[in-house]
Amino acid sequence: MSSSTSSAPATAPFENPRAVVKKLLSEAQSEGQGATVRRSIGRHELRNLDPFLMLDEFSVSKPAGFPDHPHRGFETVTYMLQGAFTHQDFSGHKGTIRTGDVQWMTAGRGIVHSEMPASDGVQKGLQLWINLASKDKMIEPRYQELQGKDISRAEKDGVEVRIIAGEAFGVRSPVYTRTPTMYMDFTMQPGSQLHQPIPAGWNAFVYIIEGEGVFGRKDAAPATAHHCLVLGADGDGLSVWNKSGAPLRFALAAGQPLNEPVVQQGPFVMNTRAEIQQAMEDYYYGRNGFEKARQWSSAA
Ligand code: FJE
Ligand code: FE
C-alpha cells in the first residue's frame with residue numbers, strides 16, 4: 001500500500017464544480033444464473049456514457065453466479081466489496097478475488113470464463129464494463145489483478161481513497177488503462193468534503209455504495225446508496241460534502257469518450273453489425289481468439 005498526506009488541492013473548492021445532471025436509482029434485477037444485480041450504466045435510461053457500457057452492483061450467494069460466457073471488444077473491471085469470487089477462463093487462467101481486490105480484465109479479441117462465488121454468505125461488488133477503441137478491440141486478452149493491500153491508498157482531512165485507476169491526492173494507480181479511465185473508491189467521514197479534479201472532456205459518474213452525501217453543489221439535496229449520479233461535461237471536477245452523521249462511501253469513474261459507434265449484442269461489443277455477426281460466428285466455430293472455446297468448460 002502506498003500512502004500520501006500531500007498538500008495537493010484535495011480540499012480546495014473548485015470555482016466551477018461539475019453539476020449532477022442525472023440521478024438514477026439502480027433497482028435489483030436477475031442476471032447470470034440466479035444472481036441479482038443493480039444495474040445503472042447500461043440500463044435503458046443510462047445507455048450512452050462513453051466509454052462506459054455497464055455498471056452492476058452485484059449481490060450473489062452460492063449456488064448462483066455467472067457460469068461460462070464469452071466477452072469480446074471491451075474490458076470488465078470487478079471490484080470486490082464483500083466475500084470472494086473465483087474466476088476461471090478457457091486459457092487456464094484461474095484465481096480468486098476477495099474483499100478489496102480488483103480484477104481488471106481486457107477481453108480484447110476474446111475470453112470465455114466463469115465468475116462464481118468462492119465463499120459462503122453474500123458476495124458483493126461492482127463490475128464495470130469499459131469499451132475499447134476500434135483499434136484495440138481485437139488485442140490479445142490481458143489481466144491486471146491487484147490485491148486490496150496493493151491498491152494505492154491516500155487519506156486527507158477525513159477522506160480516504162482507494163485508487164483503482166488514475167490519480168487522487170497525488171497518488172497514482174499502477175493499472176494501465178488502454179481506454180483512459182479513472183476509477184476510485186472514496187470513504188468520507190462526517191463533516192468532510194472532497195474536491196477531486198476530473199480531466200476536461202471525460203464523461204464521469206458516481207455510484208453511491210453506502211451512506212448519504214451532497215454532490216455537485218453544496219446546497220444540493222443529498223443522495224443515498226444505490227444511486228448513480230451522472231456528472232455534467234462542464235467543470236473542473238467532483239465536489240462532495242458529507243453533511244450526515246455516518247460515513248459516506250462511493251465510487252467515482254471517469255473516462256475519455258471514444259466517440260465511435262457502439263453495437264452491442266450481450267457480451268460482444270463492436271463498432272458494426274457485421275463485426276457482431278463475426279464475433280458470434282467466431283465464438284460458435286472457435287476462431288479468431290475463441291479457438292479454446294469449443295472444448296472448454298469450467299466444470300471439466
Ligand atoms: C454477462 C449477463 C450477465 N454483471 N456482474 C449477460 F450476467 C453477464 C455477466 C455479468 C456479471 C458478472 C459479474 Cl462477476 C458481476 C455482472 C453481468 O457475467 F456478461 C452477460 N453477457
Ligand atoms: Fe464475464
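The shown structure was predicted, so the numbers you read here are calculated from the model rather than taken from an experiment. We count ligands from 1, going down the list as the structure has it; atoms in each ligand are counted the same way.
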### Query
Hey, mind stepping through Met188 and Trp241 against side-chain contact (heavy atoms from CB on, under 4.5 Å) and telling me if it holds?
CA-CA 8 Å; Met188 296 178 60; Trp241 295 264; 5.8 Å; no
### Message
Does Phe85 form a side-chain contact (heavy atoms from CB on, under 4.5 Å) with Val60? I'd like the steps, not just the answer.
### Response
CA-CA 9 Å; Phe85 248 75; Val60 183; 4.1 Å; yes
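Taking a 6.0 Å sphere around CD of Gln29, one finds it holds more than 12 heavy atoms contributed by other residues, nucleotides or ligands. Residue-environment remark: CD (Gln82) exceeds the threshold of 12 foreign heavy atoms within 6.0 Å. Remark: Glu45 CD is packed, more than 12 non-hydrogen atoms of other residues, nucleotides or ligands lying under 6.0 Å away.
Near ligand 1, residues Glu31, Gly32, Met54, Asp56, Phe58, Phe66, His69, His71, Phe85, Glu115, Gln127, Trp129, Gly266, Pro267 come within 4.0 angstrom through at least one heavy atom.
Taking Tyr207 as the reference, nothing meets the ring-ring contact (aromatic ring centres under 6.0 Å, His included) condition, with sequence neighbours excluded.
The count of protein N, O or S atoms under 2.8 Å from the Fe ion (ligand 2) stands at 4, with waters excluded from the count.
For the ring pair (Phe, Tyr, Trp, His ring centres under 6.0 Å) condition, the pairs that include at least one residue of residues 33-54, sequence neighbours left out, are Phe52-Phe205.
Taking the six-membered ring where tryptophan is involved, the planes of His93 and Tyr143 are essentially parallel, since the angle between them stays under 30° and well short of 60°.
Among Leu49, Ile41, Ile198, the single residue meeting the side chain to side chain contact (heavy atoms under 4.5 Å, CB included) criterion with Asn203 is Leu49.
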